[in-house]
Visitor: 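Sharing a structure here in structure tokens format.
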Amino acid sequence: MNANPATLLQQTAQLSESVTRPIPGSRKIYVPGSRPDLRVPMREIAQTRTPTVFGGEDNPPVTVYDTSGPYTDPEARIDLAAGLPPLRARWIDERGDTVELPALTSEFGRAREQDPKLDAVRFPNRRLPRRARPGANVTQMHYARRGIITPEMEFVAIRENQRLEIVRDAGLLSQHAGESFGASIPKVITPEFVRDEIARGRAILPCNINHPESEPMIIGRNFLTKINANIGNSAVSSGIAEEVEKLVWAIRWGADTVMDLSTGRHIHETREWIIRNSPVPIGTVPIYQALEKVDGRAEELSWEIFRDTLVEQAEQGVDYFTIHAGVLLRYIPLTARRVTGIVSRGGSIMAKWCLAHHRENFLYTHFEEICEIMKAYDVAFSLGDGLRPGSIADANDAAQFAELETLGELTKIAWKHDVQVMIEGPGHVPMQLIRENVDRQLRECGEAPFYTLGPLTTDIAPGYDHITSAIGAAMIGWFGTAMLCYVTPKEHLGLPNRQDVRDGIMAYKIAAHAADLAKGHPGAQVRDNALSKARFEFRWEDQFHLGLDPEKAREFHDETLPKEAHKLAHFCSMCGPHFCSMKITQDVRDYAAAQGVDERTALELGMAEKSEQFRRQGGRVYQAG
Ligand code: IRN
Ligand code: FE2
């Protein structure tokens, strides 16, 4: 009997219905690009007609950004043991700048895949790994700087536009101007704009040539704000099947990228299953696996072990690496008087290594060699904030900003190699100190995209840190942060389960969208306006469907008014039939029209009438029945 969980999984791999069922009230569509194999997935939410009393007009469908991949497409055949089809394979091959490798060149990876005891996983759709032809550079930044618009760039341009032309005449575009603090968001995103932003380093398009299954997406402050969800098992909890299911679950609710933070056994196999089945970019923190390879003894880490781990993961198809190269030996004493010291896992590992050897961080001293690996596969840097503050007391301190300065220096080195870079940021920061983080990051790192963990705006709510941090995330997103790393309610307490993942993502979708509205993204307000109109017109089904979480909205509504007839009712159980402000407003408008008085006079009359009614029925707010 073979106990390898990957083998067991291969025989039984199946997703539960709750993670794959179509999202209610909408359908998957594909918007064609300039070539037949360029089809950009989106989700189209249908709307019903406005009831006759409100005007009886048709309401256009609303198209929304869709991260869920083929899993929510009823036509797609999903087979986890086969992996997703390699969508970008031809684009990669057409460029003619890669070579196929006969096998993994990483020592550890090869040993793992050839170990008969492990009965390694074979994915039929898995192409042989590739790397850049000798002397070639296969990064999107390299193409962009040579003026080439890749199919990946065209894909994200279409994706970001969300088919706004359909709603342009329906009065659903924004009423409010935004303030975007120096960002310059165009009305329509063109492939040329995408190319230019990548060339300048202001945006990244993470897409490893060994992850052809991924649907291109872009991270930059002139684009929609993105969110990342972390998954991954730890030594104590969770198997491969659960992690794959968490991936599909996370993208269903809107995760734009997913980081696999697995530690413990079967880390290589877990990652293989995740990447082969992921339509979103996958990020990792390679030092975690390197630490596993030396049995958790940080001082035994070496450049050679780390290097082999980078190659192993790059050949599997990881799209971005968190690398804590800014934790310099001389910065470590700056954390000594902190309330919470070093809270970054990667940061603390590197600090321990530096102190044990009294030598400079090997990620820093070998940075150019890391760049050589990155550009051979197009892996993007996510320069880690190993010295981020882990408490309100430690926010914006000397250690944090010293590291940021070094990240700026490293950004310039990466750009010299045309390697894509984003910069990780905090952490725990009170609201009044948030803005300074973005301003400094943009200045020191030449406007490379910022990617922050929250920040949490207070430390007093364990169990609710998706909320403490979504407040900070909304603010920092507005100021120009390109991607927000989610925090779940289990933060600081334990490994998140499925419900925690969903709650964390919802909190971050809200933060990201609130930031997009405030920044004045041309299409951001379409969905708000459509939903508000549906709400006002008592189109309950439309209200559910337009929301971020249609399933929960319906559940909450039906908890008190489950009958189908209630879906046409002009009230809900919050205020009851006689106290619905929206219904009263409509009554007032009708009344005003009938009486020939203006709306304000009518409103006063109407409210007086309602209060009289309220007194007559004894002040009960909800009438049963
Ligand atoms: C994002 C911004 N700053 C940190 N993060 C994420 O935090 C990072 O990308 C990774 O997913 C997670 C843990 O990182 P540390 O604790 O190893 O720094
Ligand atoms: Fe924390």
Side-chain angles (χ1 to χ4, degrees), residues 204 206 219 226-232 234 250 255-263 281-291 298 318-327 335 338-353 361 363 380-395 399-400 403-404 407 421-429 437-438 441 445 448-466 468-469 472-473 476-477 481-496 501 504 508:
I204 65 169
I219 303 169
K226 304 303 188 296
I227 69 163
N228 169 68
N230 287 335
I231 60 169
S234 67
D256 293 286
T257 74
V258 166
M259 289 192 75
D260 172 19
L261 301 187
S262 293
T263 55
I282 296 295
T284 61
V285 189
I287 201 78
Y288 297 176
Q289 189 186 7
L291 187 70
V318 175
D319 301 285
Y320 63 93
F321 287 154
T322 293
I323 298 203
H324 299 86
V327 180
T335 64
R338 279 180 163 184
V339 171
T340 47
I342 299 178
V343 296
S344 152
R345 283 209 270 185
S348 62
I349 295 166
M350 291 322 298
K352 193 169 170 199
W353 186 92
N361 182 337
L363 303 172
F381 274 114
S382 183
L383 291 176
D385 57 337
L387 301 180
R388 68 173 170 270
S391 55
I392 292 297
D394 296 344
Q400 187 198 331
E403 180 186 42
L404 183 62
L407 298 185
V421 186
M422 61 179 168
I423 308 293
E424 296 192 0
H428 292 236
V429 183
N437 278 273
V438 186
Q441 185 273 338
C445 303
F450 203 22
Y451 161 42
T452 61
L453 181 58
L456 285 74
T457 50
T458 167
D459 296 339
I460 65 164
Y464 297 89
D465 279 333
H466 59 317
T468 61
S469 66
I476 211 163
T481 295
M483 184 156 81
L484 307 169
C485 183
Y486 87 165
V487 170
T488 75
K490 286 278 165 64
E491 181 74 10
H492 305 118
L493 303 171
L495 195 69
V501 169
Y508 274 71

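Predicted model, so just to flag it, every value in this text is computed and none were measured. Start at 1 and go down the list; that is how both ligands and their atoms are numbered.
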Visitor: Search all heavy atoms of Val421 against all heavy atoms of Pro449 and return the closest pair with its distance.
Guide: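 Closest pair (atom of Val421, atom of Pro449, distance): O-CD, 3.3 Å.
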Visitor: If only side-chain N and O atoms count, and only distance matters, is there a donor-acceptor pair under 3.5 Å linking Asp394 with His428?
Guide: no
Visitor: Counting only heavy atoms and a distance below 4.0 Å, can you name the residues contacting ligand 1?
Guide: Asn230, Met259, Leu261, Tyr288, Thr322, His324, Ser344, Arg345, Gly346, Asp385, Arg388, Glu424, Gly425, Tyr451, Thr452, Leu453, Cys485
Visitor: Which residues pass the ring pair (Phe, Tyr, Trp, His ring centres under 6.0 Å) test with His466, not counting sequence neighbours?
Guide: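 Ring pair (Phe, Tyr, Trp, His ring centres under 6.0 Å) list for His466, sorted by chain: empty.
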Visitor: Does the side chain of Tyr451 come within less than 4.5 Å of Ile423's, by heavy atoms?
Guide: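 SC-SC contact between Ile423 and Tyr451 ruled out.
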Visitor: Please report the closest heavy-atom contact between Val343 and Thr340, naming both atoms and the distance.
Guide: CG1-O, 3.4 Å
Visitor: Have a look at the Fe ion (ligand 2) and estimate, to 10 degrees, the angle subtended by NE2 (His492) and NE2 (His428).
Guide: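 So the angle at the metal works out to 100°.
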Visitor: Say you draw a straight line from CG of Leu407 to CZ of Phe450; how long is it, rounded to the nearest 0.5 Å?
Guide: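 If we round to the nearest 0.5 Å, Leu407:CG and Phe450:CZ are 9.0 Å apart.
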